[in-house]
Amino acid sequence: MPVSEYSKDSDRTTDVQTHDQTPFDAIITGHPLILKGLSDCGFTNASPIQVAALPTIIAGHDTIVEAKNGTGKTLTFVIPTLMRLKLEQVHLQTIILAPTREIAVQIQQCFKKVGQHLPELKCEYFIGGTPVDVDKEKAKCCQIAVGSPGRIKHLINEHVLKCSEVKSFILDEVDRLVTDKSFTKDVRLIDAKLPKLKQTIVVSASIDKNDMSVFDEFMTEYIVVKGAEEDMNALQDPSKFLLGIKQYVACVKAVSTNIILLPAKNVRLLNILQNLQYTQCIIFTNYMTRVEAVCNMLRDHNYKADYIRGDQDQSIRLELVDRLTSFKSKILVATDLIARGIDSSNVDLVINMDCPNDWATYLHRIGRAGRFGNKGNAFTILDDDKELKTFKNIINSIESIKVKMLPIAITKPILEYADNELEDLNLTTEPEISPIQETGNNVIEDNLAKYSESDSNSSPNVIESNINSISEECQPCPERKSVYGYGVSEKESLQKLCKVVKETEKKLIEDNMVDKRLLTEDRSFVLFDPEPFLEDTDQYPEYSPDELLEIITKYDSDFEKYEADKNRMLKNTVLQTVSENEHSNTNQVCEENDFTNLSNITDKKINDIHTDQQLQSQHDAQINCEDKKQFVNEVCSESNFSSNSNNSVDDTKIDTNNSQRLRFTDIYSLFEIPDFSLLKPAQHDSEVAHSTDVGESDVSTSIICEKGSDDEELLEEESCGEEEEYSEEGDEEEDNCDEEESCEEEESCDEEEYCDAEESCVTEESCDEEEYHVKQENRYEEHSDGKKEYEEEINLEAENKIFDEDITNKNGSYDDHLDNRGIYFVKHNNKSKQKSLCNNIQEYNIPKREEEIIENNDQQIVDYEILNDWYSQWKQQMSRIQTFVRMSK
Ligand SMILES: Nc1ncnc2c1ncn2[C@@H]1O[C@H](COP(=O)(O)OP(=O)(O)OP(=O)(O)O)[C@@H](O)[C@H]1O
């Protein structure tokens with residue numbers, strides 16, 4: 001039934017009804033204009049959470065507000081904020097943070113509506129993706145600032161938003177703001193700028209009990225207010241789910257490849273849409289790339305559909321949300337960008353095309369339907385194997401959830417199925433199948449294990465040599481899909497690889513080889529070869545590591561069948577390298593030259609390949625020689641870097657008492673990632689200087705010169721989106737200023753904190769696109785100004801006080817250019833190197849700033865060589881990791 005037909009108050013669920021209707025004027029006294037505003041918006045009676053929270057918040061207590069989606073939490077802070085506002089004073093009095101720009105705009109609109117009779121009210125939104133100049137104007141006489149943390153932090157740091165008179169600080173969707181480390185830093189920074197004496201209100205529908213301690217940081221004493229529990233109905237309804245939403249799972253047969261799975265899900269989607277009446281629908285997918293595809297598919301079937309995702313221009317995004325909330329769009333296909341907060345009262349159908357990443361995401365997604373006690377339906381389309389299991393695991397952690405299974409063949413309109421006609425989703429999770437029972441003829445048996453067994457005469461590889469310690473720890477559930485060795489699951493394995501990547505980056509940062517603010521979590525993994533995982537390789541750089549991790553994890557093993565020959569060869573390539581390392585370099589300490597030495601590139605690579613060929617022909621006579629040649633050519637042409645024989649670790653330094661450490665070391669060795677912990681930081685400058693002296697300038701500039709190279713393209717492609725948005729939106733000044741923030745962050749955030757933030761990105765199962773986008777946004781805001789970064793590098797003293805300065809000067813753009821290409825800054829003290837760099841820059845019509853550089857006494861300049869080497873090597877390492885991932889399926 002369309003919402004409009006049952007939207008009378010009495011038809012709403014008890015989620016939003018108190019047993020004795022409480023009119024707002026019973027709670028709010030002395031504010032007739034606010035009451036008038038409420039009444040004009042159609043808000044007469046308060047919802048249970050409003051009844052519970054308003055008195056506490058009006059009384060000035062720090063408060064945690066937790067209530068189901070769509071039950072009216074926004075008004076719990078909008079009303080008290082308006083009540084305490086000193087309208088005659090034009091300075092900033094309240095700051096409200098939200099994790100997405102769209103939510104921020106929505107909150108600001110709510111203030112405007114409820115405060116429509118307060119002519120002096122000045123409530124503005126401040127979000128990334130909009131011109132910062134305009135924000136600066138708006139900030140001048142703003143009383144209530146609502147925004148995304150990045151932009152608000154920026155404006156505070158620029159002293160545009162002045163915090164000294166702020167009386168209340170509100171965090172909407174607080175669980176996101178305080179658990180997503182990319183927000184946490186900003187939130188902390190903002191909080192630190194606000195007066196100690198203020199009221200803090202935090203709000204969410206999904207506060208995890210385990211995360212409560214984090215609030216101690218923001219509030220000393222607080223009151224927790226929960227909507228449902230305060231309400232009489234709470235006893236019957238302790239769950240977090242809205243009573244008005246019926247939840248269904250619709251399965252499709254698990255098939256061998258994603259390429260088949262997606263069309264199968266599309267069929268199911270169409271099937272649902274055809275068998276259901278709905279007013280408005282939001283379809284969520286986990287992947288940015290699918291949003292448009294699903295939307296186009298729907299349009300092909302004559303559905304009126306829009307799509308929204310994070311890489312769209314901000315004005316388009318806002319327009320799309322507006323189309324949804326003003327009921328102009330019937331179906332909106334979206335990423336998790338709008339999973340939270342967005343309120344469109346006519347949405348009564350939510351369809352998940354993929355399994356949400358966690359219970360909170362599921363909760364928020366389906367909470368887009370059933371707003372304020374309306375009824376709605378939520379469907380989650382899953383394959384009947386892995387995805388179904390994952391889904392069960394996710395929702396199992398939520399109390400009182402009821403999900404029905406939709407029959408495979410829908411024979412009548414879905415809502416005509418009586419409850420007893422549909423199976424309950426059995427939430428008992430099935431135990432993982434022991435991989436041992438599945439070996440035999442299975443094509444996806446553990447290639448690594450197979451290799452170890454079948455080729456026992458060959459030199460032992462590092463994995464094999466450490467099998468015992470690993471299996472001891474992981475027994476009794478060994479799994480076959482491991483890139484790590486026996487007893488480690490594929491997922492765990494991949495997560496460990498992810499950690500290794502992070503660990504390596506961290507060490508690079510610690511050794512001052514790269515600038516930590518430019519080494520982001522997205523950098524390394526974009527260097528994976530996308531070909532086997534994604535249909536549309538152009539989209540590849542848009543994936544965050546966590547998304548990639550998930551893609552890889554979910555990637556179907558049947559691909560092995562198609563790529564078997566190639567994989568076998570790659571397998572041998574890697575194993576042979578491992579074997580060589582084991583033999584020849586066991587006791588060599590990894591040296592920094594491993595990274596900078598690019599000599600013997602092609603020869604060594606060809607040698608590797610030849611060795612592989614021999615090995616391959618011994619092992620597999622079926623491989624076609626022509627294919628092999630082609631493969632060799634492919635590898636030679638795509639790789640400009642060879643395995644470096646010095647890249648082994650010193651086995652004697654492995655701490656055998658620490659299996660975790662041991663495993664990391666194995667991986668370093670296996671993938672030839674130098675163990676940076678064995679590097680002496682002091683070596684850095686001298687070694688770089690040495691490599692500069694031997695005339696590597698060609699190499700050093702190759703990132704700049706080889707415009708067509710893969711690395712180059714990837715870097716450009718990745719940075720291009722940022723640049724586009726950045727320049728289009730006129731955020732230069734913002735980014736100028738953000739350098740200050742970075743400095744300040746560096747001062748205030750210790751290394752550990754930084755590492756935590758990095759780590760968080762690793763452990764999240766999949767980075768949703770909203771998150772990705774917001775992270776990107778934060779990154780632009782923090783990092784985009786290469787010039788500023790450069791100045792930081794060369795002027796450490798200024799760095800310490802930069803926060804207090806009002807930086808408005810605009811220098812040349814050459815460093816911007818560098819930054820936009822994703823190239824890192826590295827300290828260096830070689831002037832000739834610096835000069836050649838500047839010349840190269842000039843070739844590309846980039847304004848040069850040679851004098852400025854040379855005049856600098858710190859002699860710290862940008863060095864591309866090391867970065868080029870690093871990228872090349874990293875790329876190769878990543879492709880090897882990927883190869884192992886493929887092999888091990
Ligand atoms: N007292 C009220 N009477 C009628 N409608 C209300 C009342 N309070 C809120 N609403 C409406 O309910 C809808 C949901 O409110 P709101 O967006 O504040 O929910 P929420 O709890 O913040 O949801 P979410 O957790 O999804 O962000 C909005 O359309 C709002 O206008």
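Each ligand, and each atom within it, is numbered from 1 in the order the structure gives. For clarity, every value in this text was computed on a predicted model and none was experimentally measured. In what follows, every heavy atom counts, from backbone to side chain, and hydrogens, waters and symmetry copies are set aside.
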Below 4.0 angstrom, N of the basic side chain to O of the carboxylate: do Asp135 and Lys138 qualify? yes
Please could you name the atoms of ligand 1 that Glu173 approaches to less than 4.0 Å, counting only its heavy atoms? 27 (O)
Measure the spacing between OG1 of Thr325 and CG of Leu318 and express it to the nearest 0.5 Å. 10.0 Å
Say whether Leu75, considering both its backbone and side-chain N or O atoms, lies within less than 3.5 Å of an N or O atom on ligand 1. no
Salt bridge present between Asp354 and Lys265 (N-O < 4.0 angstrom): yes
Is the shortest distance from a heavy atom of Arg368 to ligand 1 less than 4.0 Å? yes
For ligand 1, which atoms, with element, lie under 4.0 Å from some heavy atom of Phe24? 1 (N)
Please list, chain by chain and in numerical order, all residues satisfying side chain to side chain contact (heavy atoms under 4.5 Å, CB included) with Glu319, sequence neighbours excluded. Arg323
Can you name the atoms of ligand 1, numbered from 1 with element, that are less than 4.0 Å from a heavy atom of Asn45? 1 (N), 2 (C), 3 (N)
Part of Lys68 within contact of ligand 1 (heavy atoms, under 4.0 Å): backbone
Flag the pair Asp424 and Lys402 as a salt bridge only when some basic side-chain nitrogen lies within less than 4.0 angstrom of an acidic carboxylate oxygen. no
Pairing of Asp175 and Arg340 as salt bridge, 4.0 angstrom limit: yes
Which option out of Ala339, Cys110, Ala67, Gly72 puts a heavy atom nearest to atom 9 (C) of ligand 1? Gly72
Donor + acceptor pair across side chains of Glu102, Gln314 (<3.5 Å): yes
Are any of the N/O atoms in His364 less than 3.5 Å from those in ligand 1? no
At under 4.0 Å between heavy atoms, is it the side chain or the backbone of Ile49 that contacts ligand 1, or both, or neither? neither
Taking distance alone, with N or O pairs closer than 3.5 Å, would you say Gln106 contacts ligand 1? no
Using distance alone, determine whether Thr44 and ligand 1 share an N or O pair under 3.5 Å. no
Check each heavy atom of Thr74 against ligand 1 and say whether those closer than 4.0 Å belong to the side chain, the backbone, both or neither. both
Polar proximity ligand 1 side, Ser345 side, N/O cut 3.5 Å exclusive: no
Give the C-alpha distance, both sets of side-chain angles, the deciding distance and a yes or no for side-chain contact (heavy atoms from CB on, under 4.5 Å) between Ile331 and Leu273. CA-CA 10 Å; Ile331 298 176; Leu273 292 176; 4.1 Å; yes
Taking atom types as modelled and ignoring hydrogens, do the side chains of Asp358 and Thr361 form a donor-acceptor contact shorter than 3.5 angstrom? yes
N/O to N/O below 3.5 Å, does that happen between Gly70 and ligand 1? yes
In ligand 1, the atoms that come under 4.0 Å of a heavy atom of Arg371 are 14 (C), 16 (P), 17 (O), 19 (O), 23 (O), 24 (P), 26 (O)
